[in-house]
Amino acid sequence: MHHPAYWLEGDEPDDIVLSTRIRLARNLHAYPFPGQADLEQRISVRVLMEPLLRQLLGRGRVYHAEKPPAVLLQYLFERNLISSHYLEPAVGGLIALCPQGRISLMVNEEDHLRLQLLYPGLALHQALDEASEIDRKLGRELDFAWDREFGYLTRCWTNLGTGLRASVMLHLPALNWFGELEYQVEGYRDRGLEFRGLFGEGSRSLASFIQLSNRDTLGKSATELAGRVRFYAIEFMGLEREARAVIKTRYQGQLQERVDGALESLASGAPLTSARSSQLLSLLHLGACLEMLPSFHPHQIIRLLVALRPAHLQLSEGFELKEEQRDALRGRRLKEWLASLQRFQ
Amino acid sequence: MKCRRCGIDLSQVLEYGQLGCAQCVEEFREHLGPRVALCQDGAAEHGQPMPDTVQLHLARRED
(Lines give C-alpha, C1' and ligand atoms only; values in the text may rest on other atoms or scores of the structure.)
Protein backbone atom coordinates (compact mmCIF):
# COMPACT_ATOMS: atom_id res chain seq x y z
CA MET A 1 0.00 0.00 0.00
CA HIS A 2 2.81 2.42 0.80
CA HIS A 3 5.03 1.97 -2.21
CA PRO A 4 5.02 4.88 -4.67
CA ALA A 5 2.42 4.94 -7.42
CA TYR A 6 3.61 3.27 -10.63
CA TRP A 7 3.86 6.63 -12.38
CA LEU A 8 6.26 7.75 -9.65
CA GLU A 9 8.52 4.73 -10.00
CA GLY A 10 11.85 4.66 -11.78
CA ASP A 11 15.03 6.48 -10.85
CA GLU A 12 15.33 9.21 -13.43
CA PRO A 13 12.03 10.04 -15.07
CA ASP A 14 11.70 13.40 -16.71
CA ASP A 15 11.72 16.37 -14.34
CA ILE A 16 9.11 18.25 -16.40
CA VAL A 17 6.76 15.57 -17.75
CA LEU A 18 6.01 13.61 -14.60
CA SER A 19 3.51 11.13 -16.00
CA THR A 20 1.47 10.04 -19.00
CA ARG A 21 -2.14 8.96 -18.89
CA ILE A 22 -4.26 7.32 -21.57
CA ARG A 23 -7.97 6.96 -20.95
CA LEU A 24 -10.49 5.24 -23.22
CA ALA A 25 -14.25 5.52 -22.68
CA ARG A 26 -16.52 2.70 -23.87
CA ASN A 27 -20.18 1.79 -23.51
CA LEU A 28 -22.18 -1.33 -24.12
CA HIS A 29 -24.59 -1.22 -27.01
CA ALA A 30 -27.37 -3.06 -25.20
CA TYR A 31 -27.64 -0.97 -22.03
CA PRO A 32 -28.56 2.66 -21.35
CA PHE A 33 -25.49 4.68 -20.42
CA PRO A 34 -24.88 4.97 -16.66
CA GLY A 35 -26.52 8.38 -16.24
CA GLN A 36 -29.72 7.05 -17.80
CA ALA A 37 -29.62 3.49 -16.46
CA ASP A 38 -31.60 2.32 -13.44
CA LEU A 39 -29.96 0.46 -10.58
CA GLU A 40 -30.81 -2.97 -11.98
CA GLN A 41 -29.23 -2.11 -15.34
CA ARG A 42 -26.11 -0.72 -13.68
CA ILE A 43 -25.72 -3.87 -11.62
CA SER A 44 -26.24 -6.00 -14.76
CA VAL A 45 -23.41 -4.15 -16.49
CA ARG A 46 -21.15 -4.74 -13.50
CA VAL A 47 -22.07 -8.44 -13.34
CA LEU A 48 -21.25 -8.74 -17.04
CA MET A 49 -17.92 -6.97 -16.80
CA GLU A 50 -16.52 -8.12 -13.48
CA PRO A 51 -15.32 -11.62 -14.51
CA LEU A 52 -13.76 -10.22 -17.68
CA LEU A 53 -11.85 -7.57 -15.77
CA ARG A 54 -10.73 -10.08 -13.13
CA GLN A 55 -9.45 -12.36 -15.86
CA LEU A 56 -7.73 -9.48 -17.61
CA LEU A 57 -5.91 -8.24 -14.52
CA GLY A 58 -4.99 -11.56 -12.95
CA ARG A 59 -3.82 -10.82 -9.41
CA GLY A 60 -5.12 -7.27 -9.45
CA ARG A 61 -7.58 -5.77 -6.98
CA VAL A 62 -11.27 -5.36 -7.70
CA TYR A 63 -13.57 -3.23 -5.56
CA HIS A 64 -17.30 -2.67 -5.75
CA ALA A 65 -17.29 1.11 -5.62
CA GLU A 66 -19.88 1.41 -2.83
CA LYS A 67 -17.89 -0.80 -0.44
CA PRO A 68 -14.38 0.58 0.21
CA PRO A 69 -13.99 3.15 2.98
CA ALA A 70 -13.94 6.75 1.80
CA VAL A 71 -10.27 7.15 2.74
CA LEU A 72 -9.23 4.31 0.43
CA LEU A 73 -11.16 5.85 -2.47
CA GLN A 74 -9.55 9.20 -1.71
CA TYR A 75 -6.13 7.49 -1.66
CA LEU A 76 -6.74 5.97 -5.12
CA PHE A 77 -7.91 9.36 -6.36
CA GLU A 78 -4.77 11.06 -5.01
CA ARG A 79 -2.74 8.57 -7.04
CA ASN A 80 -4.83 9.44 -10.12
CA LEU A 81 -6.00 5.82 -10.32
CA ILE A 82 -9.69 6.68 -10.16
CA SER A 83 -11.74 9.73 -11.04
CA SER A 84 -13.49 12.04 -8.59
CA HIS A 85 -16.75 10.36 -9.65
CA TYR A 86 -16.07 7.57 -7.13
CA LEU A 87 -15.58 9.95 -4.23
CA GLU A 88 -19.38 10.15 -4.07
CA PRO A 89 -21.41 6.98 -3.46
CA ALA A 90 -21.35 5.21 -6.84
CA VAL A 91 -23.88 2.41 -6.69
CA GLY A 92 -23.15 -0.27 -9.27
CA GLY A 93 -19.63 1.03 -9.81
CA LEU A 94 -16.56 -1.16 -9.93
CA ILE A 95 -12.88 -0.34 -9.75
CA ALA A 96 -10.29 -2.81 -11.03
CA LEU A 97 -6.57 -2.19 -10.63
CA CYS A 98 -3.61 -4.17 -11.87
CA PRO A 99 -1.07 -5.13 -9.16
CA GLN A 100 1.42 -2.44 -10.20
CA GLY A 101 -1.21 0.31 -10.37
CA ARG A 102 -0.44 0.95 -14.03
CA ILE A 103 -3.84 -0.08 -15.36
CA SER A 104 -7.16 0.88 -13.84
CA LEU A 105 -10.64 0.14 -15.10
CA MET A 106 -13.78 1.82 -13.87
CA VAL A 107 -17.26 0.44 -14.46
CA ASN A 108 -20.37 2.62 -14.44
CA GLU A 109 -18.46 5.83 -14.09
CA GLU A 110 -19.69 8.43 -16.59
CA ASP A 111 -19.50 5.63 -19.18
CA HIS A 112 -19.95 1.89 -18.75
CA LEU A 113 -16.21 1.38 -18.93
CA ARG A 114 -13.26 3.68 -18.46
CA LEU A 115 -9.88 2.13 -19.14
CA GLN A 116 -6.88 4.07 -17.95
CA LEU A 117 -3.12 3.56 -18.15
CA LEU A 118 -0.59 5.60 -16.23
CA TYR A 119 3.10 5.63 -17.10
CA PRO A 120 6.00 7.57 -15.66
CA GLY A 121 7.47 10.32 -17.86
CA LEU A 122 6.46 10.97 -21.46
CA ALA A 123 5.22 7.67 -22.89
CA LEU A 124 2.08 8.45 -24.84
CA HIS A 125 2.51 5.97 -27.67
CA GLN A 126 3.65 3.18 -25.37
CA ALA A 127 0.64 3.72 -23.12
CA LEU A 128 -1.70 4.01 -26.11
CA ASP A 129 -0.41 0.72 -27.55
CA GLU A 130 -1.07 -1.08 -24.30
CA ALA A 131 -4.50 0.54 -23.93
CA SER A 132 -5.43 -0.42 -27.51
CA GLU A 133 -4.39 -4.01 -26.86
CA ILE A 134 -6.60 -4.21 -23.76
CA ASP A 135 -9.43 -2.46 -25.63
CA ARG A 136 -9.14 -5.04 -28.40
CA LYS A 137 -9.27 -7.94 -25.92
CA LEU A 138 -12.33 -6.54 -24.19
CA GLY A 139 -13.95 -5.69 -27.50
CA ARG A 140 -13.86 -9.36 -28.49
CA GLU A 141 -16.06 -10.17 -25.49
CA LEU A 142 -18.18 -7.04 -25.21
CA ASP A 143 -20.39 -5.39 -27.80
CA PHE A 144 -19.24 -1.78 -27.53
CA ALA A 145 -21.60 0.94 -28.76
CA TRP A 146 -20.26 2.25 -32.05
CA ASP A 147 -21.62 4.35 -34.87
CA ARG A 148 -20.40 4.81 -38.43
CA GLU A 149 -20.49 8.60 -38.10
CA PHE A 150 -19.62 9.22 -34.46
CA GLY A 151 -17.27 6.31 -33.75
CA TYR A 152 -17.39 4.96 -30.19
CA LEU A 153 -20.45 6.31 -28.44
CA THR A 154 -19.96 7.94 -25.08
CA ARG A 155 -22.21 9.62 -22.57
CA CYS A 156 -20.67 13.07 -23.24
CA TRP A 157 -20.24 14.43 -26.74
CA THR A 158 -16.80 15.62 -25.72
CA ASN A 159 -15.60 11.99 -25.78
CA LEU A 160 -17.32 10.70 -28.93
CA GLY A 161 -15.20 9.04 -31.61
CA THR A 162 -12.08 7.60 -30.06
CA GLY A 163 -13.21 8.04 -26.44
CA LEU A 164 -9.58 8.98 -25.91
CA ARG A 165 -8.13 11.38 -23.40
CA ALA A 166 -4.36 11.38 -23.81
CA SER A 167 -2.72 13.49 -21.15
CA VAL A 168 0.59 14.35 -19.60
CA MET A 169 1.27 15.84 -16.18
CA LEU A 170 3.69 18.73 -16.46
CA HIS A 171 5.53 20.55 -13.73
CA LEU A 172 6.23 24.08 -14.99
CA PRO A 173 7.53 26.12 -12.04
CA ALA A 174 9.88 28.31 -14.11
CA LEU A 175 7.10 29.42 -16.48
CA ASN A 176 4.98 30.09 -13.41
CA TRP A 177 7.85 32.11 -11.92
CA PHE A 178 7.70 34.53 -14.84
CA GLY A 179 3.91 34.65 -14.76
CA GLU A 180 3.94 32.99 -18.18
CA LEU A 181 1.96 29.89 -17.32
CA GLU A 182 -1.55 31.28 -17.60
CA TYR A 183 -0.55 33.23 -20.70
CA GLN A 184 0.96 30.18 -22.41
CA VAL A 185 -1.99 27.99 -21.48
CA GLU A 186 -4.46 30.49 -22.95
CA GLY A 187 -2.40 30.64 -26.12
CA TYR A 188 -2.61 26.89 -26.62
CA ARG A 189 -6.30 26.41 -25.93
CA ASP A 190 -7.29 26.98 -29.55
CA ARG A 191 -4.94 24.22 -30.70
CA GLY A 192 -7.31 21.47 -29.61
CA LEU A 193 -5.78 21.13 -26.16
CA GLU A 194 -7.30 21.05 -22.70
CA PHE A 195 -5.56 22.10 -19.49
CA ARG A 196 -6.50 20.80 -16.07
CA GLY A 197 -4.99 20.69 -12.62
CA LEU A 198 -3.14 17.99 -10.73
CA PHE A 199 -6.24 15.88 -10.19
CA GLY A 200 -7.90 16.11 -13.58
CA GLU A 201 -11.33 17.42 -14.42
CA GLY A 202 -12.50 20.25 -12.19
CA SER A 203 -9.18 20.62 -10.37
CA ARG A 204 -7.29 23.86 -10.50
CA SER A 205 -3.68 24.22 -11.42
CA LEU A 206 -1.85 23.60 -8.15
CA ALA A 207 1.73 24.66 -7.54
CA SER A 208 2.64 24.79 -11.26
CA PHE A 209 1.31 21.30 -12.02
CA ILE A 210 -0.72 21.17 -15.20
CA GLN A 211 -2.35 18.31 -17.02
CA LEU A 212 -2.29 18.82 -20.78
CA SER A 213 -4.63 16.68 -22.88
CA ASN A 214 -6.44 16.50 -26.20
CA ARG A 215 -9.77 18.31 -26.25
CA ASP A 216 -11.19 16.82 -29.43
CA THR A 217 -11.77 13.11 -29.70
CA LEU A 218 -13.56 12.90 -33.03
CA GLY A 219 -12.34 13.25 -36.57
CA LYS A 220 -8.77 12.13 -35.96
CA SER A 221 -7.21 8.80 -35.09
CA ALA A 222 -6.17 7.98 -31.54
CA THR A 223 -2.55 7.91 -32.69
CA GLU A 224 -2.85 11.38 -34.20
CA LEU A 225 -4.50 12.79 -31.09
CA ALA A 226 -1.84 11.32 -28.80
CA GLY A 227 0.82 12.55 -31.22
CA ARG A 228 -0.54 16.06 -31.00
CA VAL A 229 -0.42 16.01 -27.20
CA ARG A 230 3.15 14.68 -27.38
CA PHE A 231 4.13 17.44 -29.80
CA TYR A 232 2.84 20.20 -27.51
CA ALA A 233 4.18 18.50 -24.38
CA ILE A 234 7.64 18.67 -25.96
CA GLU A 235 7.02 22.31 -26.86
CA PHE A 236 6.13 23.08 -23.24
CA MET A 237 9.23 21.20 -22.09
CA GLY A 238 11.31 23.47 -24.33
CA LEU A 239 9.64 26.61 -22.95
CA GLU A 240 10.14 25.45 -19.37
CA ARG A 241 13.81 24.59 -19.99
CA GLU A 242 14.39 28.02 -21.50
CA ALA A 243 12.73 29.67 -18.51
CA ARG A 244 14.81 27.54 -16.11
CA ALA A 245 17.99 28.54 -17.93
CA VAL A 246 17.07 32.22 -17.59
CA ILE A 247 16.42 31.79 -13.86
CA LYS A 248 19.75 30.02 -13.45
CA THR A 249 21.73 32.73 -15.23
CA ARG A 250 19.89 35.87 -14.17
CA TYR A 251 17.72 35.20 -11.15
CA GLN A 252 19.61 32.57 -9.20
CA GLY A 253 19.97 34.89 -6.20
CA GLN A 254 16.23 35.46 -6.04
CA LEU A 255 15.49 31.78 -6.40
CA GLN A 256 18.02 30.97 -3.69
CA GLU A 257 16.22 33.40 -1.37
CA ARG A 258 12.89 31.77 -2.05
CA VAL A 259 14.33 28.27 -1.66
CA ASP A 260 15.95 29.25 1.65
CA GLY A 261 12.60 30.64 2.79
CA ALA A 262 10.90 27.37 1.86
CA LEU A 263 13.55 25.34 3.71
CA GLU A 264 13.11 27.53 6.76
CA SER A 265 9.34 27.01 6.72
CA LEU A 266 9.76 23.25 6.41
CA ALA A 267 12.47 23.06 9.09
CA SER A 268 10.17 24.74 11.60
CA GLY A 269 7.87 21.72 11.62
CA ALA A 270 4.86 24.05 11.74
CA PRO A 271 1.51 22.68 10.49
CA LEU A 272 1.11 22.88 6.71
CA THR A 273 -1.91 22.49 4.49
CA SER A 274 -1.65 20.18 1.52
CA ALA A 275 -1.75 23.13 -0.90
CA ARG A 276 0.96 25.05 0.95
CA SER A 277 3.28 22.05 1.23
CA SER A 278 2.78 21.42 -2.50
CA GLN A 279 3.84 25.00 -3.25
CA LEU A 280 6.95 24.70 -1.07
CA LEU A 281 7.91 21.34 -2.52
CA SER A 282 7.33 22.65 -6.03
CA LEU A 283 9.85 25.38 -5.30
CA LEU A 284 12.35 22.88 -3.89
CA HIS A 285 11.84 20.73 -6.98
CA LEU A 286 12.83 23.66 -9.15
CA GLY A 287 15.86 24.32 -6.95
CA ALA A 288 16.88 20.66 -7.12
CA CYS A 289 16.45 20.57 -10.91
CA LEU A 290 18.73 23.60 -11.17
CA GLU A 291 21.33 21.83 -9.01
CA MET A 292 21.01 24.32 -6.18
CA LEU A 293 20.16 21.60 -3.67
CA PRO A 294 22.70 18.80 -4.19
CA SER A 295 21.30 16.41 -1.59
CA PHE A 296 17.73 16.70 -2.92
CA HIS A 297 16.62 14.32 -5.61
CA PRO A 298 13.89 16.01 -7.74
CA HIS A 299 11.92 12.81 -8.16
CA GLN A 300 11.87 12.11 -4.41
CA ILE A 301 10.34 15.53 -3.88
CA ILE A 302 7.43 14.66 -6.18
CA ARG A 303 6.97 11.33 -4.42
CA LEU A 304 6.87 13.13 -1.11
CA LEU A 305 4.32 15.60 -2.44
CA VAL A 306 1.95 12.72 -3.21
CA ALA A 307 2.76 10.88 0.05
CA LEU A 308 1.68 13.96 2.02
CA ARG A 309 -1.78 14.12 0.47
CA PRO A 310 -4.62 13.71 3.03
CA ALA A 311 -5.58 10.07 2.43
CA HIS A 312 -1.94 8.97 2.07
CA LEU A 313 -1.18 10.45 5.48
CA GLN A 314 -4.18 8.79 7.09
CA LEU A 315 -3.46 5.37 5.64
CA SER A 316 0.18 5.58 6.65
CA GLU A 317 -0.91 6.32 10.23
CA GLY A 318 -3.60 3.65 10.12
CA PHE A 319 -6.43 5.82 11.39
CA GLU A 320 -8.60 8.78 10.43
CA LEU A 321 -7.19 12.26 11.06
CA LYS A 322 -8.97 15.59 11.17
CA GLU A 323 -7.69 18.35 8.92
CA GLU A 324 -5.72 20.09 11.70
CA GLN A 325 -4.15 16.78 12.71
CA ARG A 326 -3.15 16.09 9.12
CA ASP A 327 -1.61 19.55 8.77
CA ALA A 328 0.37 19.03 11.97
CA LEU A 329 1.54 15.58 10.87
CA ARG A 330 2.51 16.92 7.45
CA GLY A 331 4.62 19.63 9.06
CA ARG A 332 6.37 17.08 11.29
CA ARG A 333 6.99 14.67 8.41
CA LEU A 334 8.56 17.41 6.31
CA LYS A 335 10.77 18.50 9.20
CA GLU A 336 11.96 14.90 9.68
CA TRP A 337 12.56 14.49 5.97
CA LEU A 338 14.64 17.64 5.85
CA ALA A 339 16.63 16.57 8.90
CA SER A 340 17.32 13.16 7.31
CA LEU A 341 18.65 14.85 4.16
CA GLN A 342 20.86 17.20 6.12
CA ARG A 343 22.42 14.28 7.99
CA PHE A 344 23.78 13.06 4.65
CA GLN A 345 25.13 16.43 3.53
CA MET B 1 -39.21 14.00 -28.73
CA LYS B 2 -37.86 11.06 -26.69
CA CYS B 3 -35.48 8.21 -27.44
CA ARG B 4 -37.56 5.08 -27.89
CA ARG B 5 -35.08 2.94 -26.00
CA CYS B 6 -33.85 4.95 -23.01
CA GLY B 7 -36.58 7.60 -22.82
CA ILE B 8 -34.24 10.59 -22.70
CA ASP B 9 -35.72 13.76 -24.13
CA LEU B 10 -34.01 15.43 -27.10
CA SER B 11 -34.07 18.78 -25.30
CA GLN B 12 -32.12 17.22 -22.43
CA VAL B 13 -29.58 15.69 -24.84
CA LEU B 14 -29.04 19.04 -26.51
CA GLU B 15 -28.94 21.03 -23.29
CA TYR B 16 -26.38 18.87 -21.49
CA GLY B 17 -24.48 17.48 -24.47
CA GLN B 18 -25.04 13.96 -23.24
CA LEU B 19 -26.48 10.81 -24.79
CA GLY B 20 -28.71 8.39 -22.92
CA CYS B 21 -27.89 5.24 -24.86
CA ALA B 22 -26.52 3.95 -28.16
CA GLN B 23 -29.92 4.26 -29.82
CA CYS B 24 -30.00 8.05 -29.20
CA VAL B 25 -27.74 8.68 -32.19
CA GLU B 26 -30.19 6.92 -34.50
CA GLU B 27 -33.16 8.74 -33.03
CA PHE B 28 -31.59 12.22 -32.99
CA ARG B 29 -28.92 12.00 -35.68
CA GLU B 30 -30.03 15.02 -37.69
CA HIS B 31 -30.01 17.20 -34.56
CA LEU B 32 -26.73 15.89 -33.24
CA GLY B 33 -24.42 16.37 -36.22
CA PRO B 34 -23.98 20.16 -36.18
CA ARG B 35 -24.01 20.38 -32.37
CA VAL B 36 -21.37 17.69 -31.97
CA ALA B 37 -19.24 19.32 -34.65
CA LEU B 38 -19.46 22.60 -32.73
CA CYS B 39 -18.50 20.92 -29.49
CA GLN B 40 -15.65 19.05 -31.17
CA ASP B 41 -14.47 22.13 -32.99
CA GLY B 42 -11.15 20.59 -33.94
CA ALA B 43 -12.91 17.78 -35.77
CA ALA B 44 -12.32 19.20 -39.23
CA GLU B 45 -13.24 15.94 -40.90
CA HIS B 46 -16.44 15.55 -38.96
CA GLY B 47 -18.70 13.14 -40.74
CA GLN B 48 -15.81 10.90 -41.66
CA PRO B 49 -15.28 7.91 -39.43
CA MET B 50 -11.85 7.83 -37.82
CA PRO B 51 -9.37 5.42 -39.36
CA ASP B 52 -8.27 3.83 -36.10
CA THR B 53 -11.80 3.44 -34.86
CA VAL B 54 -12.96 1.78 -38.04
CA GLN B 55 -9.97 -0.53 -38.17
CA LEU B 56 -10.44 -1.60 -34.58
CA HIS B 57 -14.13 -2.14 -35.09
CA LEU B 58 -13.64 -4.22 -38.23
CA ALA B 59 -10.83 -6.22 -36.65
CA ARG B 60 -13.13 -7.03 -33.76
CA ARG B 61 -15.87 -8.16 -36.10
CA GLU B 62 -13.47 -10.42 -37.98
CA ASP B 63 -12.12 -12.08 -34.79
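Scope of the values below: all heavy atoms of this structure, side chains included, with no hydrogens, waters or symmetry mates. Sequence lines set the chain letters: A, B, ... in the order given, protein chains first and strands last, and positions in each chain run from 1. None of these values were measured; they are calculated from a predicted model.
Counting heavy-atom neighbours within 6.0 Å of Arg29(B) CZ, excluding the residue itself, gives a total above 12. More than 12 heavy atoms of other residues, nucleotides or ligands lie within 6.0 Å of CZ in Arg46(A), so this atom counts as buried by the packing criterion.
Nearest heavy-atom pair, Arg5(B) versus His29(A), reported as atom, atom and distance to 0.1 Å: NH1-O, 2.6 Å. When every heavy atom of Pro32(A) is checked against every heavy atom of Cys21(B), the shortest pair comes out as CA-CB, 3.8 Å.
For Glu26(B), the part sitting under 4.5 Å from any heavy atom of chain A is the side chain, from C-beta outward, and nothing else. Heavy atoms of Ala37(A) lying under 4.5 Å from chain B are absent altogether. For Asn159(A), the part sitting under 4.5 Å from any heavy atom of chain B is the backbone (N, CA, C, O) and nothing else.
Side-chain contact check for Gln18(B) versus Phe33(A): every heavy-atom pair is 4.5 Å or farther apart. In this structure, the side chains of Trp146(A) and Val25(B) stay at 4.5 Å or more apart for every pair of heavy atoms. Proximity of Arg35(B) to Trp157(A): side-chain heavy atoms (C-beta onward) are separated by under 4.5 Å at one or more points.
If you tally non-hydrogen atom pairs under 4.5 Å between each of Cys3(B), Ala22(B), Gly17(B) and chain A, the highest count goes to Gly17(B). For the options Asn214(A), Thr154(A), Thr158(A), Asn27(A), heavy-atom pairs under 4.5 Å to chain B are most numerous at Thr158(A).
A donor-acceptor pair is defined here as one N or O able to donate and one able to accept, closer than 3.5 Å; such a pair exists between the side chain of Arg155(A) and the backbone of Leu19(B).
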